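Presented below is the structure to which this report refers.
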Amino acid sequence: MKEYGVGIAVLDTQNYRLMELVDKISASQDDATKDQLIMLLTSLMANLQSHFRCEEAIMIKCNFGGLASHRSSQRLALEECLKTSWEME
């Protein structure tokens with residue numbers, strides 16, 4: 001999944017894992033139980049939070065100028081996952 005690579009091994013590995021989870025959720029929508037989908041979404045949210053913390057630490061260390069904007073995008077992604085999870089319950 002080179003298209004999600006950023007050239008930082010730890011982030012590339014995390015991005016790959018996130019895409020695997022998204023693909024698994026997408027493929028499971030018709031077959032999985034509601035509880036299974038909620039479990040997958042919960043796993044995705046936990047992985048996203050961990051990834052975002054790691055990503056932010058690297059951005060801070062590199063004095064990345066777009067950190068505030070990036071944090072906003074991260075927050076929206078987490079809110080969307082949470083909303084989807086709530087809608088399933």
Side-chain angles (χ1 to χ4, degrees):
M1 292 205 157
K2 281 186 175 180
E3 64 268 20
Y4 299 107
V6 294
I8 300 171
V10 67
L11 296 180
D12 290 347
T13 300
Q14 292 170 355
N15 283 334
Y16 180 76
R17 174 68 180 135
L18 289 168
M19 290 301 99
E20 281 184 327
L21 282 168
V22 168
D23 288 347
K24 190 170 187 176
I25 291 167
S26 180
S28 299
Q29 286 182 354
D30 293 332
D31 304 344
T33 66
K34 182 170 76 169
D35 288 341
Q36 289 169 325
L37 287 172
I38 290 171
M39 188 173 72
L40 287 169
L41 283 169
T42 301
S43 179
L44 177 62
M45 286 180 9
N47 278 272
L48 277 171
Q49 289 173 325
S50 177
H51 173 69
F52 291 161
R53 280 191 302 273
C54 183
E55 201 173 48
E56 281 190 23
I58 292 169
M59 289 178 175
I60 290 168
K61 188 175 180 178
C62 296
N63 294 317
F64 179 67
L67 182 58
S69 175
H70 194 76
R71 279 183 177 153
S72 180
S73 296
Q74 291 173 340
R75 189 172 38 258
L76 289 173
L78 289 171
E79 288 172 2
E80 190 62 33
C81 282
L82 190 57
K83 179 183 168 192
T84 301
S85 181
W86 285 341
E87 289 172 351
M88 296 185 74
E89 291 184 11

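Here the structure is a predicted model, which means the values were calculated and not measured.
Between Met39 and Thr42 there is no side-chain heavy-atom pair separated by less than 4.5 Å.
The structure places NE2 of His51 at 10.0 Å from CD of Glu56, a figure rounded to the nearest 0.5 Å. The distance from atom CG of Leu48 to atom CD of Glu55, rounded to the nearest 0.5 Å, is 10.0 Å. Interatomic distance, OG of Ser50 versus CZ of Arg53, reported as 5.0 Å (0.5 Å rounding). For the atom pair Asn47 CG and Gln14 CD, the distance stands at 8.5 Å (nearest 0.5 Å). Here the OG atom belonging to Ser43 is positioned 5.0 Å from the CZ atom belonging to Arg17, to the nearest 0.5 angstrom. Atoms CG and CG, on Leu21 and Leu40 in that order, are 7.0 Å from each other to the nearest 0.5 Å.
A donor-acceptor contact shorter than 3.5 Å links the side chain of Thr13 to the backbone of Ala9.
No continuous path of hydrophobic side-chain contacts links Leu67 to Val10 [ILVMFWY only; heavy atoms under 4.5 Å]. Leu18 and Met59 are assigned to two separate hydrophobic clusters, defined by single-linkage of ILVMFWY side chains at heavy-atom distances under 4.5 Å. Linking ILVMFWY residues whenever their side-chain heavy atoms come closer than 4.5 Å, directly or via other members, leaves Leu11 and Phe64 in distinct clusters.
Here the closest non-hydrogen pair linking Met45 and Leu82 is SD-N, 3.5 Å.
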